There are 2 protein chains.
Amino acid sequence: MTLIDLRRLRAFIVLAEEGHVTRAAERLGIQQPPLTRLLQGLEAELGVLLMHRLPRGVQLTEAGKVLLEEARIILARADGVTDLVHRAARGELGSLAVGFTSSAALHPFVPKALRAFRESLPHVSVTLEEAGTAELVDALMHERLDAAFIRSPVGRTPGLRIDALLEEPMLVALPVGHRFAIDTRSRLLLTELATEPFILYRRTAGPGLYDTILTACREAGFSPVVAQEAPRLTATLSLVAAGYGISLVPASMQRLGGEDIVYRAVAGSSKLIAPLLLAMRQSHPAPALAQLRGLVQRMVVSQRAIT
Amino acid sequence: MTLIDLRRLRAFIVLAEEGHVTRAAERLGIQQPPLTRLLQGLEAELGVLLMHRLPRGVQLTEAGKVLLEEARIILARADGVTDLVHRAARGELGSLAVGFTSSAALHPFVPKALRAFRESLPHVSVTLEEAGTAELVDALMHERLDAAFIRSPVGRTPGLRIDALLEEPMLVALPVGHRFAIDTRSRLLLTELATEPFILYRRTAGPGLYDTILTACREAGFSPVVAQEAPRLTATLSLVAAGYGISLVPASMQRLGGEDIVYRAVAGSSKLIAPLLLAMRQSHPAPALAQLRGLVQRMVVSQRAIT
DNA sequence: AATTTTGATACTTTTAAGGTATGACATTGA
DNA sequence: TCAATGTCATACCTTAAAAGTATCAAAATT
């Protein structure tokens, strides 16, 4: 069973247009006998007469007319394939799965970058997913994600490439009315927090920030009193707002918490810095990922120029 | 330039599904090396890497994923071609151009047949055209029409095949108030019309009926006084209604003319008969035409059974 | 009736696809 | 670490399919 092939469909279209085997062969750059056999081959395979043989020339049968229409559609599509594939290779087409942690999502840079990407490459369908750092890393390694915005350096992760995008200081988040929440202009010394109850968000969800806080406190000479662990950064702030304790959060969180939380800068530690990172697989990056990466890098450069 | 062919697209799909050259080759019933070359050939032609070569197996690139999607669409369409062409050859698909004269259009059989055809073969797109007999015959010969409902035997017409469908008597159409229009039950003798002014519709538009009337009158021993010629049968009846004269029209016209025209049967001539015919080309009938013809024949048989 | 036009057929040559054997490379297990 | 294994790539040969050449057959036109 040598099913229909495009070579014959192409020839058939020319033949139908010319209505004349010899002339069509000429236009196709072949001789007349092969073209005749080509038509015969099509007819034999389809089991249908495609052209009436007239004394001068040939003429489409109804079946032939239907085949002609269909052949044109198929060939147009087939001819479009090259361009489509090229665009996919350039990353202008295709799909991209991007993940982010809840804390990354709260950094204004992330939605800004995603929006800019969507606008610059509208034909790439972007899938978004929010999850904890561990899940994101796992998804990256198992090809369920192509890239992820995260906040923690996650130690050695073989097979991952991590771009450092931005850094920001961490601030103390205090409930309104807290004794440290009166003078909000000056920096608070980290050691002053030694006896305060801390709200931290689960280490499993985001080990990076958790460890950053613990390391900074240890260097300042104390081990923080962890009053409660929250499943997400937003939950942490809710607990702070409710007065259950204080926390240390990335500066970009300031816009959250409304009037119930007061933020203050911290002095006494050079480690209290929250990075924003873009993680991806090292091998076989999707072309659209290269585009995203380039876009993000350019945005980072212009962001730094402003700050 | 050996553009993309379906054989390779088929192989590519299997290869993509298996993710494994050797296994895919097995499924395709070929050896591994040809399949490898096949993939290489596609990549060379498209100028794009379609699969990453992993230590165990292969894996689609983004470009490969796009090609896979597109290939599936193209092949589905290509595989559908056979069925489509078969249906076209059986006359279940395609197009049919049908003409009719104004007088044929007024016979209830014609719209009934066209509606039945549309219902039985909804995928055949039917084009309708009303014109004079001469134009219809010309259109048939020049392939602008496939069939035409006409009323006149049009003498010898080489290349045409004509099916006689139905016959009906011709009636005298009289304006209300005419002296012959009082007794409508009895037959009027043709000779009684010898001195009446006749309205006939143009010979060029429909030579058949015109000649039928003239022949019948001559046989009855007179030559009719043609008061006026009308371009169409409906115009003829309008003129009769307005009192400009009388006419002889097919019996099925009775439903026209409303209350202004009285119809009476005629005695004294066996020639005053109007046929309904279906004309078509003798050579290369469209398959859908064969379907129409069969349908019409069946309808004629059941019609005659009733009458 | 002869000539021309045009598609069909028989046979040969060329090209492309498929098969066989083997290599290169990387992973895995002892 | 080295051999065994799995897997795609390459080289070379064989087979099959497409194209070319020469010629025929049928029908129409002069």
Side-chain angles (χ1 to χ4, degrees), chain A residues 1-46 48-61 63-64 141 158-159 281-284, chain B residues 1-46 48-61 63-64 141-143 158-159 281-284:
Chain A
M1 166 162 127
T2 320
L3 268 130
I4 277 187
D5 62 313
L6 299 186
R7 187 182 49 91
R8 285 195 283 199
L9 290 187
R10 270 178 227 285
F12 179 74
I13 290 176
V14 173
L15 183 50
E17 282 170 359
E18 293 287 337
H20 195 280
V21 181
T22 309
R23 266 205 304 279
E26 200 174 328
R27 206 173 115 192
L28 286 163
I30 63 175
Q31 297 305 113
Q32 169 260 315
L35 183 54
T36 293
R37 286 193 301 254
L38 220 128
L39 173 61
Q40 291 170 334
L42 266 181
E43 291 180 326
E45 264 169 37
L46 294 172
V48 155
L49 189 74
L50 296 172
M51 305 205 118
H52 297 299
R53 272 64 163 183
L54 306 183
R56 43 182 69 252
V58 292
Q59 189 187 31
L60 285 173
T61 61
M141 294 316 290
R281 244 167 289 116
Q282 250 165 4
S283 58
H284 309 317
Chain B
M1 165 163 125
T2 319
L3 269 130
I4 276 186
D5 62 313
L6 299 185
R7 185 183 49 91
R8 284 194 285 197
L9 290 188
R10 271 179 226 285
F12 179 74
I13 290 175
V14 174
L15 183 50
E17 284 170 358
E18 293 288 338
H20 196 280
V21 181
T22 309
R23 269 204 303 277
E26 200 174 329
R27 207 173 113 191
L28 286 163
I30 63 174
Q31 297 304 114
Q32 169 260 316
L35 182 55
T36 293
R37 285 192 303 252
L38 221 128
L39 173 61
Q40 291 170 335
L42 265 181
E43 291 180 325
E45 264 170 38
L46 294 172
V48 155
L49 190 75
L50 295 173
M51 306 205 119
H52 297 300
R53 274 65 165 182
L54 307 181
R56 46 183 68 252
V58 292
Q59 188 188 29
L60 286 173
T61 61
M141 297 312 293
H142 289 79
E143 321 232 322
R281 245 168 289 117
Q282 250 166 4
S283 58
H284 309 318

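Reckoned from all heavy atoms, side chains included, excluding hydrogens, waters and symmetry mates. Just so you know, these numbers come straight off a predicted model, no measurement behind them. Below, chain A is the first sequence line, B the second, and so on; all start at residue 1.
- Whole-Å rounding puts the Leu49(A) CG to dG7(C) P distance at 14 Å.
- For the pair Leu35(A) CG and dG20(D) P, the computed distance is 11 Å after rounding to whole Å.
- A straight line from CD of Glu26(A) to C1' of dT5(C) spans 14 Å, rounded to a whole angstrom.
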Open item on the list: I need a per-nucleotide contact map over nucleotides 25-30 of chain D, read 5' to 3'. Cutoff is protein heavy atoms under 4.0 Å; write B for the base, S for backbone only, - otherwise.
Closed with: --SSS-
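- Nucleic acid contact for Leu38(B): sugar-phosphate only, since backbone atoms but no base atoms lie under 4.0 Å from a heavy atom of the residue.
- Between dT9(C), dG7(C), dA19(D), one nucleotide has an atom nearer to the side chain of Gln40(A) than all others, and that is dT9(C).
- The nearest whole Å value for the distance from the CG atom in Leu42(A) to the C1' atom in dG7(C) is 17 Å.
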Open item on the list: Walk along nucleotides 10-15 of chain C from 5' to 3' and tag each nucleotide B, S or - by protein heavy-atom contact under 4.0 Å, base first, then sugar-phosphate.
Closed with: BB----
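- Residue Arg23(A) places none of its side-chain N or O atoms closer than 4.0 Å to OP1 or OP2 of dG7(C).
- Between the CG atom of Leu54(B) and the C1' atom of dA26(C) there is a distance of 12 Å, rounded to whole Å.
- Closest to the side chain of Pro34(A), out of dG7(C), dG19(C), dA19(D), is dA19(D).
- Under the side-chain contact (heavy atoms from CB on, under 4.5 Å) rule, Leu35(A) has a single partner from Ile30(A), Val14(A), Thr22(A), which is Ile30(A).
- Every side-chain hydrogen bond (donor to acceptor under 3.5 Å, both in side chains) that Glu143(B) has, sequence neighbours left out, goes to Gln59(A).
- Side chain of Arg56(B) to backbone of Leu54(B): no donor-acceptor contact under 3.5 angstrom is found.
- In this structure, the nucleotide among dG7(C), dT20(C), dA18(D) sitting nearest to the side chain of Gln31(B) is dT20(C).
- Remark: the Gln32(B) side chain and the dA9(D) base include a donor-acceptor N/O pair separated by less than 3.5 Å.
- Checking dG18(C), dA8(C), dC8(D) against every side-chain atom of Thr36(A), the shortest atom distance belongs to dA8(C).
- Side chain of Glu43(B) to backbone of Leu50(B): a donor-acceptor contact under 3.5 angstrom is found.
- Between the CG atom of Leu50(B) and the P atom of dA9(D) there is a distance of 12 Å, rounded to whole Å.
- In terms of position along DNA chain D, the nucleotide closest to Gly57(B) lies nearer the 5' end than the nucleotide closest to the other residue of the pair Gly29(A) and Gly57(B).
- The number of heavy-atom neighbours closer than 6.0 Å to CD of Glu26(B), taken from other residues, nucleotides and ligands shown, is 12 or below.
- Summarising the geometry, the separation between CZ on Arg8(B) and P on dA17(C) is reported as 6 Å, rounded to the nearest angstrom.
- When each of Thr61(A), Leu42(A), Leu15(A) is tested with Met51(A) by the rule side-chain contact (heavy atoms from CB on, under 4.5 Å), just one qualifies, namely Leu15(A).
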